[in-house]
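A quick write-up on the structure given underneath.
Letters go in sequence order (proteins before strands), and every chain restarts at 1.
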Amino acid sequence: MLDGVPDPTPHPGASIAALLVPWFAGAARPLPWRAADVSPWAVLVSEFMLQQTQVARVLPRWQEWIERWPRPAELAAAPPSEAVRAWDRLGYPRRALWLHEAATEIVERHGGVVPDDLDALLALKGIGPYTARAIAAFAYGARVPVVDTNTRRVLARAIEGRAEAGPPRVVHELAAMEAQLPVDAGSARIFNAAAMELGATVCTARSPRCEACPLAGSCAWRAAGYPEYEGPRAPRQARFAGSDREMRGMVMRELRGAHGPVARAELDALGADPERLERALDSLAADGLAVREAGGYRLP
DNA sequence: GAGCCGTGGAA
DNA sequence: TTTCCAAGGCT
């Protein structure tokens, strides 16, 4: 642009942190794990629960968990079965087992303190690239890019002008977020949270509320006239009704509700196809979520 | 690296 | 009703 000549057009690809950080101050939902006095452990628990699970469903379970197990050592001292029960119906119950295992590893290898180092976090069970970065950034204030499904969509739209992010390109997306990240660590932390918040509440997958978006004036997707997504799509998930996943869920509900072993006859009484039940029990046993014993099946 | 892993809300 | 999607990670 020429000196002194204001650019009247939108700015595709323009820096978005300067817009998102102030927006977040007024628009952020008051989520309890964002409070200033929340421990890194409490942040870690929230991140496990939030994997593929909506905020509204996590809120009550998170409150219970941190009151009951306020530090890693307390969860590690409890039997895994209690973690699985307290997980209730959050889904993907392996996460409860992994969280219990991570707590044990934190006690044994890190003196009961959640590590602040990316590699140490990645070495913990159930912690992958997203969660490790989220804990480093949100619990410890590290200046690292955090990229989740919301951030991927925001970057794809605002910067690349595409409707959807498409298949993950981890290296590219981390670099893109890094390029937008404010130099100051405190602002970087807010920006990471703000990008996720925008994707969750405004720049949503289905019906984006562009009229309420702080990036509307500089959004590349909007400037291009909202072109439809052309790239490859993820394969559709298998139908849930009648699936092994559904069967696993039914079995886990029975095991959580019982306080001793559940007899095989009670599981048969669920009325499922015997082969389907057998596959579910085998896979649950392989995952460590169900233990076979003489009286039937129980939680670990 | 593709397939798999729960549950519930919204369109 | 069906389908999509949700603060991913493991094998």
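Residue pairs meeting the ring-ring contact (aromatic ring centres under 6.0 Å, His included) criterion with at least one member in residues 49-92 of chain A, sequence neighbours excluded: A/Trp33-A/Trp62, A/Trp65-A/Trp69, A/Trp65-A/Trp87.
Comparing A/Arg94 and A/Ser207 against DNA chain B, the residue whose closest nucleotide sits nearer the 5' end is A/Arg94. Between A/Ser283 and A/Arg253, the residue anchored nearer the 5' end of DNA chain B, judged by the nucleotide with its closest heavy atom, is A/Ser283. Taking the nucleotide of DNA chain C with the nearest heavy atom to each of A/Arg29 and A/Leu122, the more 5' of the two is matched to A/Arg29.
One finds no side-chain N or O of A/Gln51 lying less than 4.0 angstrom from the OP1 or OP2 phosphate oxygen of C/dG8. In this model, the phosphate group of C/dG9 is approached by a side-chain N or O of A/Thr131 to a distance below 4.0 Å at OP1 or OP2. Contact check, A/Arg89 against B/dG8: a side-chain N or O comes under 4.0 Å of OP1 or OP2. Between A/Arg57 and the phosphate of B/dT7, there is no side-chain N or O to OP1/OP2 separation shorter than 4.0 Å. For C/dC5, neither phosphate oxygen OP1 nor OP2 lies less than 4.0 angstrom from any side-chain nitrogen or oxygen of A/Arg153. Under 4.0 angstrom from either OP1 or OP2 of C/dT11 there lies at least one side-chain N or O belonging to A/Lys125.
Looking at A/Leu59 and A/Pro32, their side chains come closer than 4.5 Å, going by heavy atoms from C-beta outward. The shortest distance between side-chain heavy atoms of A/Leu277 and A/Arg264 falls below 4.5 Å.
Remark: C1' of C/dG8 and CD1 of A/Ile135 are 12 Å apart, rounded to the nearest angstrom. Rounded to whole Å, the distance from CG on A/Asp244 to P on B/dT7 is 13 Å. Put simply, OH on A/Tyr130 is 9 Å from P on C/dA7, counting in whole angstrom units. The distance between atom OH of A/Tyr92 and atom C1' of B/dG3, rounded to the nearest whole Å, is 11 Å. Following rounding to the nearest Å, A/Leu124 (CG) and C/dG8 (P) show an atom-to-atom distance of 19 Å. Taking atom CD of A/Gln54 as the reference point, atom P of C/dC5 lies 13 Å away to the nearest angstrom. Between A/Arg233 atom CZ and B/dA2 atom P the separation is 17 Å, expressed in whole Å. Put simply, CE on A/Met49 is 18 Å from C1' on B/dC5, counting in whole angstrom units.
Although no hydrogens or angles enter the test, the distance criterion places a donor-acceptor pair under 3.5 Å between the side chain of A/Glu197 and the main chain of A/Arg29. The closest donor-acceptor contact from the side chain of A/Thr53 to the backbone of A/Gln51 lies under 3.5 Å.
C/dA7 and B/dA2 have their P atoms separated by 23 Å, with the value rounded to a whole Å.
Across all strands shown, A/Ala134 has no heavy atoms under 4.0 Å from either base or sugar-phosphate atoms. At the heavy-atom level, A/Gly128 lies under 4.0 Å from the strands shown only through sugar-phosphate atoms. Contacts of A/Trp33 with the nucleic acid, taken as non-hydrogen atoms under 4.0 Å apart, include base atoms. Within 4.0 Å of A/Ser46, counting heavy atoms only, lies no atom of the nucleic acid at all. Among the protein residues, A/Leu90 comes within range of the nucleic acid bases, having at least one heavy atom under 4.0 Å from a base atom. The residue A/Leu97 sits apart from the nucleic acid: no heavy atom pair falls under 4.0 Å.
Using a cutoff of 4.0 Å between basic side-chain nitrogens and carboxylate oxygens, A/Arg239 and A/Glu246 are not scored as salt-bridged.
Rounded to the nearest 0.5 angstrom, A/Ile159 CD1 and A/Met177 CE are separated by 8.5 Å.
Checking C/dC5, C/dT2, C/dG9 against every side-chain atom of A/Arg239, the shortest atom distance belongs to C/dT2. Comparing B/dG9, B/dT7, C/dA7 by their closest approach to the side chain of A/Arg206 singles out B/dG9. Here the nucleotide nearest the side chain of A/Ala205, chosen from B/dG3, C/dA6, B/dT7, is C/dA6.
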